[in-house]
Amino acid sequence: MAETGNSKAPAERTARRLPSLLLLVPLLLLVALSSWAVSSPAGSSPDDNYHLASIWCGAGERPGLCESASGGAGERVPWATIASHECYHFQPEVAATCQVKALGADPNRLVTTQHVNSVAHYYSPLYYAVLSPFASADVGASVIAIRIVNSLLFVVIVSVLFWVLPARRRPLLVVSLAVTVVPWGVFLIASVNPSGWAVLAGGTVWLAVLGFLESAGWRRVVLGVLAVVTAVMGAGARSDMAVYAVIGMVAAVFLAMRGGGGRRFWVSVILPVVLSLVCFVLFLTAQQVGVWQNGVAPGSGGTARHGWSLLLHNLLNVPTLVFGSLGSWPLGWNDVTIPPVVWVGTLFVFAAAVFTGLATMSWRKALVVGATVIALVSLPLYLLQRSLTEVGGLVHPRYLLPLLIMFVGFVLFPIGTRWVRVTPLQAWLVVAVLSAANAVSLYSNIRRYTLGGAPGVSLSGPGSWWWGSGVPQPSIVFAGGIIAFTAALALLTHHLLTTQRAQQAQLVDEAEERGAQARVAQAGAS
């Protein structure tokens with residue numbers, strides 16, 4: 001991939017003149033994510049029995065939704081919130097039609113559980129409190145509503161950030177998310193799992209802070225607000241994202257600093273400093289902090305390895321965790337196997353983006369990229385070592401996905417006014433690969449639940465699972481989802497290529513002007 005040139009104001013102005021078709025991208029993204037939101041039944045994302053019960057109790061006691069059990073034995077929540085997954089999870093050959101029998105005639109009957117955040121306090125209460133108003137007696141409808149709300153939050157925040165970021169920073173947002181969110185990212189964003197908010201924060205918080213430090217006027221205000229919102233959402237969803245958010249903000253400050261910084265710059269740094277403190281407070285509100293300090297029960301991974309033997313084994317296998325979210329790690333409760341064609345394609349695109357970014361380097365960028373690589377490897381190794389657990393237990397790839405998104409953004413960060421450039425062939429090949437990977441992943445996810453292990457290629461058939469009335473049939477959801485995803489990615493790619501061509505034309509004009517001036521000066525001297 002080609003080297004870079006100097007970006008100038010005319011190219012910047014061209015990039016800001018966004019075509020009207022680009023206004024369709026948020027709608028297309030919402031359609032694409034909504035297809036994922038209805039592609040699997042209630043209870044299908046990891047630990048949904050905990051997260052659903054916690055959302056239902058996120059606003060405290062509510063008759064029929066969350067009631068305190070007698071004697072402080074826990075919380076009483078609808079049976080469907082904690083049992084929707086039990087008949088099919090870890091059994092990929094079993095379709096979700098089993099829910100009818102498993103949940104019984106009254107899936108909304110209240111049962112007692114202690115596996116809920118208001119009792120266990122594993123997570124910050126923020127995520128559950130925000131989504132609790134969408135809980136209702138109809139668990140299935142509420143699950144769809146929560147998934148679409150989470151999808152909408154992602155689309156709105158990312159779209160606003162794209163519009164207000166300086167034009168030269170928009171590729172960092174688009175590319176870092178595009179090459180990392182298929183398939184685990186899109187699955188989580190459109191789920192009830194708090195990791196969806198962590199994915200959103202991983203792709204946005206550091207860029208919002210970077211834009212805040214580099215901008216002025218109303219853009220600076222909006223970017224500051226986005227930095228606050230995304231940092232709080234991320235840290236309020238998962239305690240590890242609180243750590244990642246601080247890493248991202250420190251990196252943004254480091255990359256934005258020029259020379260000594262100046263008084264205005266250091267005054268601006270007050271915002272990320274305050275947000276880092278907020279993240280630390282939210283980190284402490286979750287019992288997950290104990291895992292970072294002490295690990296979990298020794299031997300929980302069922303391994304006979306320990307000491308250096310365990311460390312070496314996990315070090316050799318940690319790439320499984322770092323890159324598992326690109327498709328090599330099964331979706332859902334780790335029981336939705338994705339064909340290898342997906343992770344081969346996504347890993348290819350990921351590697352292409354990284355090597356493109358390495359074409360421009362400075363000591364600041366090298367330090368940020370190197371530190372992120374160390375964090376991606378050392379954090380899971382630390383937790384596994386403290387817990388005497390091998391790769392495959394305790395730490396999952398989705399925990400590292402927000403940091404992986406940041407890593408791509410850091411690698412692609414342009415040095416000074418130099419822009420990383422790609423050819424149209426390279427860009428459209430990426431669009432084709434990611435679109436195909438999304439299509440295969442969505443198809444695999446839908447079919448696993450509609451028909452389980454039944455042979456054939458159809459997404460539905462006699463007796464297959466699907467939602468009730470109001471949700472389009474699986475084939476329509478699949479077609480709409482892949483078309484919307486591909487169209488959104490194509491429009492964004494066209495815009496970025498147009499911006500790049502304008503920048504290249506400006507460079508040619510400036511080179512010709514300098515050449516003409518040199519010839520005039522030479523003629524005058526002779």
Side-chain angles (χ1 to χ4, degrees), residues 6-23 25-26 29 153-177 200-234 245-246 248-279 364-365 368 406 409-410 412-420 492 495-496 498-500 502-503 506 510:
N6 291 324
S7 63
K8 299 295 182 181
E12 224 15 49
R13 288 195 296 270
T14 300
R16 290 197 182 105
R17 292 196 293 269
L18 300 178
S20 56
L21 278 178
L22 211 58
L23 296 174
V25 171
L29 287 177
L153 284 172
F154 176 87
V155 170
V156 169
I157 290 174
V158 170
S159 298
V160 173
L161 181 58
F162 178 87
W163 283 81
V164 299
L165 273 175
R168 66 186 182 278
R169 301 304 184 208
R170 289 176 186 151
L172 299 178
L173 174 66
V174 175
V175 179
S176 65
L177 284 170
L200 168 61
T204 56
V205 64
W206 78 275
L207 276 171
V209 171
L210 179 68
F212 170 80
L213 296 173
E214 294 180 334
S215 302
W218 67 269
R219 290 179 183 272
R220 177 180 171 85
V221 174
V222 176
L223 287 164
V225 171
L226 286 174
V228 173
V229 170
T230 54
V232 171
M233 286 181 66
V246 174
M249 288 187 286
V250 170
V253 171
F254 202 64
L255 292 172
M257 187 166 56
R258 300 289 183 271
R263 182 176 182 277
R264 180 180 180 276
F265 176 84
W266 290 112
V267 170
S268 301
V269 170
I270 293 175
L271 176 64
V273 170
V274 172
L275 287 179
S276 297
L277 294 175
V278 171
C279 289
R364 290 183 189 276
K365 177 177 172 179
V368 169
M406 289 184 186
F410 298 156
L412 289 172
F413 186 82
I415 303 305
T417 56
R418 305 171 73 197
W419 291 40
V420 174
L492 288 168
H495 169 67
L496 295 181
T498 300
T499 301
Q500 178 180 272
Q503 181 255 344
Q506 178 65 25
E510 290 177 349

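Residues: numbered from 1 along the sequence shown.
- Put simply, the side chain of Met406 reaches to within 4.5 Å of the side chain of Val205, judged on heavy atoms.
- Under the rule for a side chain to side chain contact (heavy atoms under 4.5 Å, CB included), the partners of Leu412 that lie at least two apart in sequence or sit in another chain are Leu172, Val175, Val408.
- Rounding to the nearest 0.5 angstrom, the gap separating the CE atom in Met233 from the CZ atom in Phe154 is 10.5 Å.
- Considering all non-hydrogen atoms of both residues, Leu165 and Leu207 come closest at CD2-O, 3.6 Å.
- Residues forming a side chain to side chain donor-acceptor pair (under 3.5 Å) with Ser159 (at least two apart in sequence, or on another chain): none.
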Can I get a per-line list of side-chain donor-acceptor pairs under 3.5 Å for residues 268-278, giving both atom names and the distance, sequence neighbours left out?
residue : atom : partner : partner atom : Å
Ser268  : OG   : Arg220  : NH1          : 3.3
Ser268  : OG   : Arg220  : NH2          : 2.4
Ser268  : OG   : Arg264  : O            : 2.9
Ser276  : OG   : Pro272  : O            : 2.8

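- Summarising the geometry of Trp163 relative to Arg170, their closest heavy-atom pair is O-NH2, 3.3 Å, with the distance given to 0.1 Å.
- Checked by atom type and distance alone, the side chain of Lys365 pairs as donor or acceptor with a backbone atom of Phe413 at under 3.5 Å.
- To the nearest 0.5 angstrom, Leu21 atom CG is 12.5 Å from His495 atom NE2.
- Remark: Leu200 CG to Leu153 CG distance equals 7.5 Å, nearest 0.5 Å.
- Heavy-atom minimum distance, Val209 versus Ala252: CG1-CB, 3.9 Å.
- A pairwise comparison of heavy atoms in Ala208 and Leu161 identifies CA-CD1, 4.1 Å as the closest pair.
- Every residue two or more places apart in sequence or in another chain that forms a side chain to side chain contact (heavy atoms under 4.5 Å, CB included) with Leu29 is listed here: Val25, Val155, Ala488.
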Should Thr204 and Leu226 be marked as a side-chain contact (heavy atoms from CB on, under 4.5 Å) after you check the CA-CA gap, both sets of side-chain angles, and the distance that decides it?
CA-CA 8 Å; Thr204 56; Leu226 286 174; over 6 Å; no
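- Of all heavy-atom pairs between Ala251 and Val368, the closest is CB-CG1, 3.7 Å.
- Smallest separation of non-hydrogen atoms from Val253 and Phe265: O-CZ, 3.5 Å.
- Under the ring pair (Phe, Tyr, Trp, His ring centres under 6.0 Å) criterion, Phe410 pairs with Trp206, sequence neighbours left out.
- The side-chain heavy atoms of Trp218 and Val164, taken from C-beta on, include a pair separated by under 4.5 Å.
- Distance check, rounded to the nearest 0.5 Å: CG of Leu213 to CE of Met249 gives 11.0 Å.
- In this structure Val250 satisfies the side chain to side chain contact (heavy atoms under 4.5 Å, CB included) test together with Val246, sequence neighbours excluded.
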